[in-house]
K.L.:
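The structure's right below; bear with me while I get my questions together.
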Amino acid sequence: MRPSIKPTIVLLMFLLLQATLTAREPANIAAGQYVIKANIRDVKSGTVFFLKVFETQRIIHSMSIEKGTFTMRGNLSDTPQHLWLCTTIEDEFYYCDLLLDSDTLYIEGSIKDFPYYLSYRGENTPMKHYAEYLGLVEHQNRQRDSLQHVSELYHSVGAWTEAGGYSSGVGALVKKFSKKKKQEAEQPKRIGLDVDWELKQVEHERDSIRFEFVYSHMDTYAGQFLLTRFMKLISIDSLRQFYRLIPVEMKKTKFARMLSNQINPYADNVIRQADNLLSITDATDAEKITYAGEAFSLYEQGVRLDPERTDGYIALATMYERLLPLKGIEAYDISSHYWDMFMADTNIRETERTEAQKRKAEVLYRKHLATNTIPEMVDVKGGSFEMGSIYKEDNNEPHRVTVGDFRMSKYEITNHQFAAFLEAYGSNTITSGPDEGQLLYYECNWGIEQGRPAKGYESHPAIYITWYGAQAYCQWAGGRLPTEEEWEYAARGGKYGKHSNLYSGGMNLDSLGWYAGNAEGKPHPVGLKVPNELGLHDMSGNVWEWCADTFYKDDRLYAPVRGGSWFIERALCRPTCRYSIYPGSKHFNNGFRLVKDIASISIIKVPGD
């Protein structure tokens with residue numbers, strides 16, 4: 001009879017963490033997919049192996065072995081997943097436990113090696129950690145199997161043993177249950193067999209090895225999973241000590257969540273609810289804003305219930321963009337506060353603290369962009385260049401031009417900056433001159449509403465701005481709109497740019513600007529993409545930018561716009577591409593930036609100064 005053996009967990013994992021972890025997914029395996037390639041000896045062809053979900057025993061895959069091999073492929077919606085690989089041969093059940101994520105697992109061995117002694121390998125997975133653990137406890141596992149088998153045999157015939165004289169020889173003190181029971185009952189006895197005590201000793205040695213392994217491997221799925229196997233046997237305080245060793249980026253994974261639920265199920269429950277709200281994708285924009293507010297309240301409740309839930313602080317610190325429509329500028333302060341709360345934890349690693357400081361600095365800079373009234377300027381050294389291109393759709397035939405030195409705003413003018421101008425200007429139309437009465441802007445829930453930035457869009461580029469409004473802002477700011485020549489020269493990197501680049505700053509538009517292929521149907525805050533050689537952001541994409549030039553065509557006045565936008569295809573985001581529209585046009589993807597002559601010195605008068 002085969003001994004009864006507890007499952008041994010064999011880990012296959014693919015690390016998804018992108019900050020400090022280094023796992024890489026094989027090119028042929030997509031996220032959520034797994035492949036199991038097995039080579040099992042001593043099994044007849046046609047034997048069916050099953051892959052089951054451990055918790056429910058639901059079969060998710062089955063495959064017949066042929067000539068000792070089989071391959072299973074599938075998708076997992078929830079990873080990592082604890083599964084059983086099992087089969088029944090002549091009424092005997094064989095199984096091993098697997099933890100699958102996304103990768104290829106190779107299994108080799110004999111059917112007699114189930115469940116402890118199979119060989120596992122998988123490229124770039126935590127398998128090496130669990131294999132290390134299996135090697136450490138292999139001797140104890142083999143002893144345990146042997147002793148348990150002997151114990152079952154002796155118990156089946158009613159064997160017992162006396163208290164003293166412990167012997168390493170299993171059968172030395174074993175006796176048959178006999179008629180001498182009454183007489184021997186008067187003497188000190190130990191109920192149970194010596195083999196049972198040997199078995200307990202071996203299990204104690206194995207548990208000690210496992211305990212030490214877990215303590216030194218809490219930054220791996222192997223260590224975290226092993227801890228879940230005995231977490232109910234240790235105190236909550238001890239479990240907290242282990243939990244603190246888990247890297248922050250892993251605290252929302254399955255095993256870390258099992259541990260946190262054991263420590264404080266109330267805190268874990270509300271944080272899970274918050275996570276679920278933020279994971280909803282099929283919701284309207286209004287619903288997403290509502291969910292963000294509810295999730296924020298739940299996260300705050302979670303960290304109040306358990307102040308050591310650093311993943312809760314991380315969630316609160318990183319959701320400021322979701323909170324902007326609800327909290328406005330306060331969302332940045334909320335984020336900064338919870339980064340401070342996270343860094344106040346003395347148990348976090350130095351690398352985590354450094355990363356948190358970096359992230360907090362980014363948030364503060366985003367706040368600066370959302371609240372800064374005076375645009376940051378970049379010096380552009382003038383020179384000669386070949387303007388235009390050979391592409392017909394650019395409407396810009398090649399020709400040689402020269403521009404002088406000037407300064408250009410590092411970012412597109414933001415809603416906050418334009419609203420400051422409106423407050424100072426005191427009107428939404430041009431108040432004097434030949435353009436008197438022309439609208440400065442149009443109301444927009446992504447731009448300016450009733451003279452103020454739409455909540456949460458303070459650092460977005462000002463849109464629905466007319467050419468007249470852009471001109472008026474620049475004059476108020478002590479500058480002007482760029483000429484087409486200046487704009488293209490700066491967009492192509494000035495003296496430092498590569499003439500062969502398709503876009504401002506390089507060839508890869510996804511890293512340089514927002515366009516229809518990556519913008520998800522909306523403009524984005526300024527400065528999120530990589531700048532060009534001069535340090536100018538969003539010269540390709542995000543919003544079309546007005547230039548100073550105007551011309552008449554068919555008795556209609558036109559003004560050029562350059563750079564493309566979040567709404568159009570990538571080709572039109574080339575810095576050589578030029579289009580022209582009416583200067584009073586109402587467009588949700590029109591913005592601008594400021595230019596100043598190097599010799600000019602001016603001070604922007606901010607309301608309240």
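All values reported here derive from a predicted model rather than from experimental measurement.
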K.L.:
Any sub-3.5 Å donor-acceptor pair from N269's side-chain atoms to Y266's backbone N or O?
P.N.:
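Flag not set: sc N269 to bb Y266 has no pair under 3.5 Å.
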K.L.:
Please report whether the ring centroid of F242 lies less than 6.0 Å from that of F211.
P.N.:
yes
K.L.:
Please report the C-alpha distance between I246 and D219 in whole Å, then the side-chain angles of each, then the deciding distance to 0.1 Å, and finally whether the side chain to side chain contact (heavy atoms under 4.5 Å, CB included) criterion is met.
P.N.:
CA-CA 5 Å; I246 300 176; D219 59 345; over 6 Å; no
K.L.:
Kindly compute the distance separating CG (L239) from CZ (R244), expressed to the nearest 0.5 Å.
P.N.:
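Here the rounded value is 10.5 Å.
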K.L.:
May I ask you to decide if S238's main-chain N or O and S235's side chain share a donor-acceptor pair within less than 3.5 Å?
P.N.:
yes
K.L.:
Look only at the side chain of S335 and the backbone of Y332, and say whether a donor-acceptor pair between them is shorter than 3.5 Å.
P.N.:
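Not at all, since once roles are kept as given, no pair shorter than 3.5 Å links the two residues.
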K.L.:
Within the 4.5 Å heavy-atom criterion, are T228 and Q262 side-chain neighbours or not?
P.N.:
no
K.L.:
Answer yes or no: is there an ion pair linking E108 with R121, defined by an N-O contact shorter than 4.0 Å?
P.N.:
yes
K.L.:
Evaluate the criterion side chain to side chain contact (heavy atoms under 4.5 Å, CB included) for residue pair L105 and Y34; output intermediate values, then yes/no.
P.N.:
CA-CA 8 Å; L105 174 65; Y34 66 86; over 6 Å; no
K.L.:
Under 6.0 Å between the ring centres of F70 and F49?
P.N.:
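Distance test on ring centres: under 6.0 Å, yes.
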K.L.:
Do Q357 and W339 come within less than 4.5 Å of each other through their side chains, counting heavy atoms only?
P.N.:
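Answer no - side chains too far apart.
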K.L.:
State whether the side chain of S208 and the backbone N or O of H204 hold a donor-acceptor pair below 3.5 Å, judged by distance alone.
P.N.:
yes
K.L.:
Taking atom types as modelled, is there a side-chain donor on S151 or D196 under 3.5 Å from an acceptor on the other?
P.N.:
yes
K.L.:
Salt-bridged, R206 to E212, with N to O below 4.0 Å?
P.N.:
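Result for this pair is no, no salt bridge flagged.
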K.L.:
Between E205 and V202, is there a donor-acceptor pair closer than 3.5 Å when you use the side chain of the first and the backbone of the second?
P.N.:
no
K.L.:
Do D510 and Y515 have side-chain atoms, one donor and one acceptor, less than 3.5 Å apart?
P.N.:
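Yes.
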K.L.:
Which distance, rounded to the nearest 0.5 Å, do you find between the CG of L199 and the CG of D194?
P.N.:
12.0 Å
K.L.:
How long is the gap from CE on M218 to CE on M250, to the nearest 0.5 Å?
P.N.:
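Between atom CE of M218 and atom CE of M250 there are 9.0 Å.
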K.L.:
Can N39 and T69 be said to form a side-chain hydrogen bond (donor to acceptor under 3.5 Å, both in side chains), step by step?
P.N.:
CA-CA 4 Å; N39 186 353; T69 65; over 6 Å; no
K.L.:
Are side-chain heavy atoms of K37 and R73 found at a separation under 4.5 Å?
P.N.:
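Yes - at least one pair of side-chain heavy atoms lies under 4.5 Å apart.
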K.L.:
Is the shortest side-chain heavy-atom distance between L51 and L98 below 4.5 Å?
P.N.:
yes
K.L.:
Is D97 paired with R229 through a side-chain N to carboxylate O contact shorter than 4.0 Å?
P.N.:
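So R229 does not pair with D97 through a salt bridge.
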K.L.:
If I compare all heavy atoms of G302 with all of I271, which pair ends up nearest, and what's the gap?
P.N.:
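Heavy atoms of G302 and I271 come nearest at CA-CG1, 4.0 Å.
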K.L.:
I'd like to know if the side chain of K367 reaches the main chain of I329, judged simply by a donor and an acceptor atom lying under 3.5 Å from each other, with no hydrogens or angles considered.
P.N.:
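Between the backbone of I329 and the side chain of K367 there is no qualifying donor-acceptor contact (under 3.5 Å).
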K.L.:
Compare every heavy atom of P247 with every heavy atom of R349, then report the nearest pair and how far apart it is.
P.N.:
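That would be NH2-CG, 3.6 Å.
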K.L.:
Spell out, as yes or no, whether a donor-acceptor pair under 3.5 Å connects the side chain of E458 to the backbone of G456.
P.N.:
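Yes, because the side chain of E458 sits within donor-acceptor range (under 3.5 Å) of the backbone of G456.
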K.L.:
So, the side chain of S62 versus the backbone of F50: is there a donor-acceptor pair under 3.5 Å, distance only?
P.N.:
no
K.L.:
So, for I111 and D42, which heavy atoms are closest and what is the spacing to 0.1 Å?
P.N.:
CG2-O, 3.4 Å
K.L.:
Determine whether M63 and T71 make a side-chain contact, defined as any pair of heavy atoms from C-beta on separated by less than 4.5 Å.
P.N.:
no
K.L.:
Please give me the minimum heavy-atom distance between L118 and S110, naming the atom from each residue.
P.N.:
CD2-O, 3.7 Å
K.L.:
Counting neighbours of CD on E520 that are heavy atoms of other residues, nucleotides or ligands and sit closer than 6.0 Å, is the number greater than 12?
P.N.:
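No - once you tally the heavy atoms of other residues, nucleotides and ligands closer than 6.0 Å, there are 12 at most.
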K.L.:
Going by distance alone, is a donor N or O of one side chain under 3.5 Å from an acceptor N or O of the other, for Y117 and D145?
P.N.:
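Side-chain D/A pair, Y117 to D145: present.
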K.L.:
List the steps and the verdict of side chain to side chain contact (heavy atoms under 4.5 Å, CB included) for R210 and L227.
P.N.:
CA-CA 9 Å; R210 180 170 61 176; L227 180 56; over 6 Å; no
K.L.:
Are there over 12 heavy-atom neighbours, none belonging to Y215, within less than 6.0 Å of that residue's OH?
P.N.:
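It does not: Y215 OH has 12 such atoms or fewer within range.
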K.L.:
Can V526 and H537 be said to form a side chain to side chain contact (heavy atoms under 4.5 Å, CB included), step by step?
P.N.:
CA-CA 7 Å; V526 301; H537 291 260; over 6 Å; no
K.L.:
Charged N to carboxylate O under 4.0 angstrom, K288 versus D282?
P.N.:
no
K.L.:
Do D345 and T310 meet the criterion of a side-chain donor-acceptor pair at a distance under 3.5 Å?
P.N.:
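Distance-only check fails for D345 and T310.
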K.L.:
Do we get K529 above W514's six-membered ring, with its NZ or CZ under 6.0 Å from the centre and within 45° of the axis?
P.N.:
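Yes, a cation-pi geometry holds between K529 and W514.
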K.L.:
Over 60° means perpendicular and under 30° means parallel, so tell me whether Y313 and Y338 are parallel, tilted or perpendicular.
P.N.:
parallel
K.L.:
Hey, which of F213, F54, F255 is the one that makes ring-ring contact (aromatic ring centres under 6.0 Å, His included) with F225?
P.N.:
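With F225 as partner, F213, F54, F255 yield a single ring-ring contact (aromatic ring centres under 6.0 Å, His included), made by F255.
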K.L.:
Check this for me: does any side-chain nitrogen of one of R272 and D268 sit under 4.0 Å from a carboxylate oxygen of the other?
P.N.:
yes
K.L.:
Which atoms form the tightest heavy-atom contact between A519 and H524, and what is the distance?
P.N.:
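Answer, listing the atom of A519 first, then H524: O-NE2, 2.9 Å.
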K.L.:
If you take the centroid of each ring, where Trp contributes its six-membered ring, are Y95 and F93 closer together than 6.0 Å?
P.N.:
yes
K.L.:
What's the separation between atom CD in Q143 and atom CG in N141, rounded to the nearest 0.5 Å?
P.N.:
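If I round to the nearest 0.5 Å, the distance is 10.0 Å.
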K.L.:
Rounded to the nearest 0.5 Å, how far apart are NZ of K52 and CG of L85?
P.N.:
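K52 atom NZ to L85 atom CG measures 11.0 Å (nearest 0.5 Å).
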K.L.:
If you take all heavy atoms of I263 and D306, which pair is closest and at what distance?
P.N.:
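So the two residues come closest at CG2-OD2, 4.3 Å.
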K.L.:
Would you give the length of the straight line joining atom CZ of F296 to atom CG of L277, rounded to the nearest 0.5 angstrom?
P.N.:
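It comes to 14.0 Å.
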K.L.:
Taking 4.0 angstrom as the limit, do R142 and E138 come out as a salt bridge?
P.N.:
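E138 and R142: salt-bridged.
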K.L.:
Within a strict 4.5 Å, meaning less than it, do heavy atoms of the R144 and V137 side chains meet?
P.N.:
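Result no, sub-4.5 Å side-chain heavy-atom pair not found.
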K.L.:
I'd like to check K251 versus S260 (side-chain heavy atoms, cut-off strictly below 4.5 Å). Are they in contact?
P.N.:
no
K.L.:
Does the side chain of T354 pick up a donor-acceptor pair with the side chain of T351 at under 3.5 Å?
P.N.:
no
K.L.:
Quick one: does M72's side chain get under 4.5 Å of V35's, heavy atoms only?
P.N.:
no
